[in-house]
Amino acid sequence: MSCCTTSFPTKLPHIHSWKYDVSPKNQILGTLSFTSKKKSHLGFTQTVSLAQCSRTNFLSAMDEDCKLEVSSTDGFSKELEIAVRAVHMACLLCQRVQENFLSEISEHVHSKEDKSPVTIADWSVQAIVSWVLSEAYGSENVSIVAEEDVEALSKASAVRLLEAVVKTVNECLADAPRFGLKGPATDLDAKAVLEAISRCSLAGARGSKFWVLDPVDGTLGFVRGDQYAIALALIEDGEPVLGVLGCPNYPMKKEWLSYQNGYRRILSRLTSHTSESLDKGSVLYARKGGGKAWMQPLLCRENNFVWPNSAREIRVSSIDNPALATFCEPVEKANSSHSFTAGLAHSVGLRNQPLRVYSMVKYAAIARGDAEIFMKFARACYKEKIWDHAAGVLIIEEAGGVVTDAGGHPLDFSKGEYLEGLDRGIIACAGAKLHEKIIRAVDASWNSSSL
């Protein structure tokens with residue numbers, strides 16, 4: 001990987017040590033580096049390198065003319081930054097697609113074998129993230145587990161659908177320089193797009209280190225103009241080590257949550273589109289062991305992405321009294337029991353109306369302190385998939401929250417595409433005290449349930 005794939009472009013900090021190194025092995029003509037004791041917004045000690053780059057110049061000159069880059073000795077910092085940029089690109093792709101087809105849903109939504117919907121945004125996002133990660137690390141070095149496959153796109157009857165996906169992918173990649181990434185030299189053809197999508201294989205979940213992607217989590221929310229998420233995580237030895245949640249319709253300001261999403265879209269057209277716009281969505285991210293989680297706003301208009309893009313730290317709520325807490329649950333009843341969670345909420349003393357929201361935005365709500373509890377108890381025969389939880393679990397944990405199954409055990413992401421061995425359901429809470437109360441209430445109520 002070239003030197004320009006290193007991360008955290010920034011202004012030169014105070015210099016503490018210098019080193020000049022000629023490294024033929026890495027095809028770097030000369031590297032002038034220094035180490036600073038200054039901490040980045042993720043808490044890393046930063047190393048700045050000035051170099052002539054040789055392989056791909058993947059992180060481009062957008063932030064600091066491409067010859068000034070900052071990398072961390074801390075694990076996964078480079079992967080996290082690339083993942084955030086890729087997800088941020090995908091969020092804007094989804095916004096454009098959603099705006100274009102809300103009035104023509106039948107033209108853009110297709111059904112999978114299990115009757116769940118899939119859109120051109122699902123395939124396009126999967127292609128984009130797959131392409132970005134493969135360019136960054138080499139396709140032979142990247143294992144990605146993702147939800148979509150290319151079967152429907154490969155049919156002779158799907159020519160127009162495939163053309164729409166290819167067009168959407170290339171429009172997104174044309175914006176890559178805005179995000180400090182280098183796009184392809186020429187537009188990707190249909191074959192290249194299909195290869196990028198199919199590079200994501202369920203077989204990758206059997207390895208010790210792999211990426212997990214849900215290109216559009218909450219597709220029903222997406223097609224209805226409501227909440228959805230782009231979720232990307234890196235798993236190592238069965239645990240998420242970094243997580244990124246792109247929430248294109250989740251406003252930066254909590255006050256805007258009281259408005260219906262459609263009304264927020266109307267208001268967005270009436271307000272100035274500055275970097276401080278409240279309704280343009282957000283990207284949340286964290287890496288394991290950092291003890292912090294972050295949120296940044298989506299880009300407005302033609303602004304360029306400059307790391308860390310006005311990111312601010314987020315923390316879970318300090319509320320530990322169930323009477324004051326707000327709990328989240330899925331909108332759809334097909335795969336979860338609203339009746340059990342309602343009874344459980346009553347027994348534990350929850351009085352606020354539940355926040356029913358599509359997708360992993362529920363995890364974002366808890367990590368940001370907008371809600372305190374997420375409970376999901378699946379109906380019989382339904383198995384939770386790893387891409388529906390991995391990114392959100394890590395972000396909540398690093399923001400100070402707790403996520404386990406209903407038996408208090410950590411979620412295990414090492415068994416393939418499903419969360420095998422899950423004890424009854426999933427419980428995420430803003431703090432340990434609240435989590436303990438919910439666990440006790442589940443134990444007391446479970447035998448009388450019909451789940």
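Values in this document were obtained by computation on a predicted structure and should not be read as measured data.
- Within the 4.5 Å cutoff, the side chain of Met89 has no heavy atoms near those of the Phe305 side chain.
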Does Cys91 form a side-chain contact (heavy atoms from CB on, under 4.5 Å) with Val283? I'd like the steps, not just the answer. CA-CA 8 Å; Cys91 285; Val283 177; 4.2 Å; yes
Stepwise, does the side chain to side chain donor-acceptor pair (under 3.5 Å) test hold for Asp217 with Tyr363? CA-CA 12 Å; Asp217 181 42; Tyr363 282 103; over 6 Å; no
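- Judged by distance alone, with hydrogens and angles left aside, the side-chain atoms of Asp320 form no donor-acceptor pair with the main-chain N or O of Leu434 at under 3.5 Å.
- Between Leu242 and Ala83, the shortest heavy-atom contact is CD1-CB, 4.2 Å.
- In this structure, the side chain of Gln98 engages the main chain of Phe222 through a donor-acceptor pair within 3.5 Å.
- Between the CG atom in Leu80 and the CH2 atom in Trp294 there is a gap of 11.5 Å [rounded to 0.5 Å].
- For Val169 against Ala127, the heavy-atom pair with the smallest separation is CG2-CB, 3.8 Å.
- In summary, the side chains of Tyr250 and Asp370 do present a donor paired with an acceptor at a separation below 3.5 Å, with no hydrogens or angles considered.
- Ring planes of His389 and Phe374: parallel class, angle under 30° (limits at 30 and 60°).
- Glu171 and Lys167 are joined by a salt bridge, as a carboxylate oxygen and a charged side-chain nitrogen come within less than 4.0 angstrom of each other.
- Put simply, the residue from Glu79, Glu239, Glu236, Glu398 that forms a salt bridge (Lys or Arg N to Asp or Glu O under 4.0 Å) with Lys288 is Glu239.
- Taking 4.0 Å as the cut-off between side-chain N and carboxylate O, Lys383 and Glu420 count as a salt-bridged pair.
- The two atoms that bring Val125 and Cys94 nearest to each other are CG2-SG, 3.5 Å, heavy atoms only.
- Donor-acceptor pairing under 3.5 Å is recorded for the side chains of Ser317 and Glu372.
- Using a 4.5 Å heavy-atom cutoff, the side chains of Phe377 and Ile427 are in contact.
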Set out, in order, the CA-CA distance, both residues' side-chain angles and the distance that settles side-chain contact (heavy atoms from CB on, under 4.5 Å) for Leu194 and Leu162, then state yes or no. CA-CA 9 Å; Leu194 289 173; Leu162 178 57; 3.8 Å; yes
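- Proximity of Pro215 to Val129: side-chain heavy atoms (C-beta onward) are nowhere separated by under 4.5 Å.
- In this structure, Leu234 and Phe76 have side chains that are in contact, with non-hydrogen atoms separated by less than 4.5 Å.
- For the pair Gly401 and Val316, the tightest heavy-atom approach, listed with the atom from each and the gap, is N-CG1, 3.7 Å.
- Residues Val244 and Ala391 approach most closely at O-CB, 3.7 Å, considering heavy atoms.
- Between Asn309 and Pro297 there is a side-chain heavy-atom pair separated by less than 4.5 Å.
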Worked check of side-chain contact (heavy atoms from CB on, under 4.5 Å) between Arg178 and Asn304: CA-CA 5 Å; Arg178 289 181 60 199; Asn304 291 329; 3.6 Å; yes
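- Closest approach of Ala406 and Asp443 over heavy atoms only: O-OD1, 4.4 Å.
- No donor-acceptor pair closer than 3.5 Å links the side chain of Lys182 to the backbone N or O of Glu135.
- The existence of a salt bridge linking Lys155 and Glu151 is excluded, since no basic side-chain nitrogen approaches an acidic carboxylate oxygen closer than 4.0 Å.
- One distance of note links CG of Asp214 with CE of Met360; it measures 5.5 Å at 0.5 Å rounding.
- Asn141 places a side-chain N or O within donor-acceptor distance of the main-chain N or O of Tyr137, the cut-off being under 3.5 Å.
- Note: Glu195 CD to Ser139 OG = 9.0 Å, rounded to the nearest 0.5 Å.
- Rounding to the nearest 0.5 angstrom, the gap separating the NZ atom in Lys292 from the CZ atom in Arg287 is 9.5 Å.
- Taken from CG in Asp122 to OG1 in Thr219, the straight-line distance is 4.0 Å, to the nearest 0.5 Å.
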Derivation of the side-chain contact (heavy atoms from CB on, under 4.5 Å) call for Leu394 and Val241: CA-CA 7 Å; Leu394 179 66; Val241 293; 5.7 Å; no
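- Annotation: side chain of Phe179 is not in contact with side chain of Val84 (no heavy-atom distance under 4.5 Å).
- A salt bridge does not link Asp388 with Lys385: none of the charged nitrogens is closer than 4.0 Å to a carboxylate oxygen.
- Between Val193 and Leu153 there is no side-chain heavy-atom pair separated by less than 4.5 Å.
- Judged purely by atom type and a 3.5 angstrom limit, Trp131 has no side-chain atom pairing as donor or acceptor with the backbone of Gln126.
- Ile386 places a side-chain heavy atom less than 4.5 Å from the side chain of Leu419.
- Going from atom OG of Ser201 over to atom CG of Asp149 covers 10.5 Å, rounded to the nearest 0.5 Å.
- Of the possible polar contacts, none joining the Asp175 side chain to the Cys172 backbone as a donor-acceptor pair under 3.5 Å is found.
- Applying the salt bridge (Lys or Arg N to Asp or Glu O under 4.0 Å) test between Glu384 and each of Lys415, Arg424, Lys376 identifies Lys376 as the sole match.
- In this structure, the side chain of Glu148 does not engage the main chain of Ile197 through any donor-acceptor pair within 3.5 Å.
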